[in-house]
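The chains referred to below are lettered A, B, ... by the order of the sequence lines, with proteins before strands, and numbering in each begins at 1. All figures in this text were calculated on a predicted structure; none of them were measured in a lab.
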Amino acid sequence: MPELPEVELFSRYFAQHALGQRVARVRVLDERILGEVRKAAFARALTGSEFSGVRRHGKHLFADAGRTWLHLHFGMTGDLAYYADTPPRFARVIVDFDNGWHLVYEDMRLFGVVDLTPDPQTYIVDHHLGPDPLELTLPKFRQLVAGRRGAVKALLMSQDILAGIGNLYADEILYQTSIDPRRPADRLSEAEVKAVFTVMRRILNNVIDRKSRGEDYPARYLIPRREEGERCPRCGGSIRRTVVFGRTTYYCGKHQG
DNA sequence: AGTACCACCTGACGGC
DNA sequence: TGCCGTCAGGTGGTAC
């Protein structure tokens with residue numbers, strides 16, 4: 001489930017392996033992964049170009065290819081791999097570089113998107129993406145929350161309000177701030193809004209740091225305990241399961257009341 | 001404004 | 001053994 005932290009790692013991975021290399025050839029193995037662009041136009045636009053920079057906004061990754069930008073979204077099972085010999089099982093698009101190596105976009109469930117866009121800002125505006133949580137200030141976050149009568153979990157997950165948080169991290173943020181996911185956003189106290197802002201950014205940065213070092217989630221996180229009846233590592237309560245905003249939601253029945 | 005529900009897709013898993 | 005239903009999750013569209 002690639003959310004903001006995972007896409008940030010993809011972005012670093014892309015930069016590490018692809019920047020400065022010339023694209024010799026592009027192979028689209030499954031056209032269903034393409035967005036607006038057609039196969040031939042996609043290959044034509046990238047062949048011969050060189051990726052000069054990478055940008056991430058929320059769960060979206062953009063790579064500067066000169067005349068156009070490559071746009072990647074990872075859906076639920078999307079991934080990148082840089083390899084020399086054997087492509088992964090669910091390879092959908094393969095970029096062959098001059099040096100003989102390959103960068104592959106793989107996606108078992110095909111919920112992701114590979115596309116071209118004039119530039120990141122155009123895409124962000126056209127698709128009504130909200131601000132990235134890591135480029136946000138507390139006053140701006142307060143403005144986003146003000147007047148929102150829906151569930152706080154729905155707000156965190158709505159990409160047009162805030163871009164980058166998905167189901168898992170929304171639950172994690174509310175778990176760590178002891179807030180019931182069904183609470184209306186505009187009924188949170190000022191202190192709670194501040195806590196959500198602070199904890200949200202701490203979790204995202206912490207997970208990016210840990211995963212970039214190959215470490216797991218901390219033992220006190222909810223994420224490794226997404227199962228009904230699990231013990232809450234914070235208070236010993238029982239982990240419950242429900243549906244909020246159409247998504248399976250886990251929370252501690254004791255300290256998130 | 002906010003939410004419910006479906007579709008997209010495929011592998012894992014439990015039940016029989 | 002193997003079939004079937006269900007679930008997982010991001011997004012986008014439609015209906016209310």
Check for a donor-acceptor pair, side chain of Q159(A) on one end and backbone N or O of M157(A) on the other, with a separation under 3.5 Å.
yes

Between which nucleotides of DNA chain C, read 5' to 3', does contact with chain A run, using atoms under 4.0 Å from its heavy atoms?
dA8(C) to dT11(C)

Any chance you could lay out the ring-ring contact (aromatic ring centres under 6.0 Å, His included) test for H255(A) and Y175(A), step after step, and finish with the verdict?
CA-CA 8 Å; H255(A) 85 266; Y175(A) 171 79; 5.0 Å; yes

Which residues pass the salt bridge (Lys or Arg N to Asp or Glu O under 4.0 Å) test with K211(A), not counting sequence neighbours?
E6(A)

Sugar-phosphate, base or nothing in reach of T248(A), heavy atoms under 4.0 Å
sugar-phosphate

So, Y82(A) versus W101(A), ring centres under 6.0 angstrom or not?
yes

Measure CE/M108(A) against P/dA12(B) and give the value in whole Å, please.
7 Å

Assess R182(A) against Y251(A): is NZ or CZ under 6.0 Å from the centre of the six-membered ring, and within 45 degrees of the ring's axis?
yes

Between its two end axes (five pairs each) the helix from dG2(B)-dC16(C) to dC16(B)-dG2(C) turns, nearest 10 degrees, through 50°

Which part of the nucleic acid, if any, lies within reach of R148(A) when heavy atoms closer than 4.0 Å are counted: base, sugar-phosphate only, or nothing?
sugar-phosphate

When rounded to whole Å, the CZ to C1' distance for the pair R92(A) and dC9(B) reads 9 Å

Main chain of Y250(A), side chain of E228(A): is a donor-acceptor contact present, judged purely on distance under 3.5 Å?
no

Hey, would you say the Y123(A) and H60(A) ring centroids sit under 6.0 Å apart?
yes

At 4.0 Å (heavy atoms only), tell me whether F74(A) reaches a base, stays on the sugar-phosphate, or touches nothing.
nothing

Short side-chain to backbone donor-acceptor contact, T122(A) and P120(A), under 3.5 Å:
no

Can you tell me the distance, in whole Å, between the CZ atom of F90(A) and the P atom of dT10(B)?
9 Å

Charged N to carboxylate O below 4.0 Å: is that the case for R247(A) and D171(A)?
no

Have a look at R182(A) and say if it touches a base, only the backbone sugar-phosphate, or nothing, with a 4.0 Å heavy-atom cut-off.
nothing

Give me the distances for all protein-to-nucleotides 3-5 of chain B N/O pairs that come in under 3.5 Å?
residue	atom	partner	partner atom	Å
dT3(B)	OP1	A151(A)	N	2.9

From CZ of R247(A) across to P of dG2(B) the rounded distance in Å is 18 Å

Evaluation steps, side-chain hydrogen bond (donor to acceptor under 3.5 Å, both in side chains), between D98(A) and Q21(A):
CA-CA 7 Å; D98(A) 267 354; Q21(A) 291 215 56; over 6 Å; no

Does the side chain of R109(A) get closer than 4.0 angstrom to OP1 or OP2 of dA12(B) through an N or O atom?
no

F111(A)/F74(A) aromatic ring centres below 6.0 Å:
no

For L72(A), which of V113(A), L61(A), V93(A) qualifies under side-chain contact (heavy atoms from CB on, under 4.5 Å)?
L61(A)

To the nearest angstrom, the NE2-C1' distance between H73(A) and dC8(B) comes to 14 Å

Between D96(A) (side chain only) and H102(A) (backbone N and O only), is there a donor and an acceptor less than 3.5 Å apart?
no

Using the rule given for side-chain hydrogen bond (donor to acceptor under 3.5 Å, both in side chains), can you reason through K153(A) versus T249(A), listing the C-alpha separation, both sets of side-chain angles and the distance that settles it, and then say yes or no?
CA-CA 9 Å; K153(A) 172 162 178 178; T249(A) 299; 2.8 Å; yes

For the pair F197(A) and F141(A), name the ring-plane relationship: parallel under 30°, tilted 30 to 60°, perpendicular over 60°.
tilted

Within residues 199-209 of chain A, find the residues that approach DNA chain C with a heavy atom at under 4.0 Å, and present them sorted by residue number.
none

Would the distance check show the side chain of N206(A) and the main-chain N or O of R202(A) forming a donor-acceptor pair, the cut-off being under 3.5 Å?
no

Could you identify which residues of residues 110-117 of chain A place a heavy atom less than 4.0 Å from some atom of DNA chain B, listed by residue number, or say none?
L110(A), F111(A)

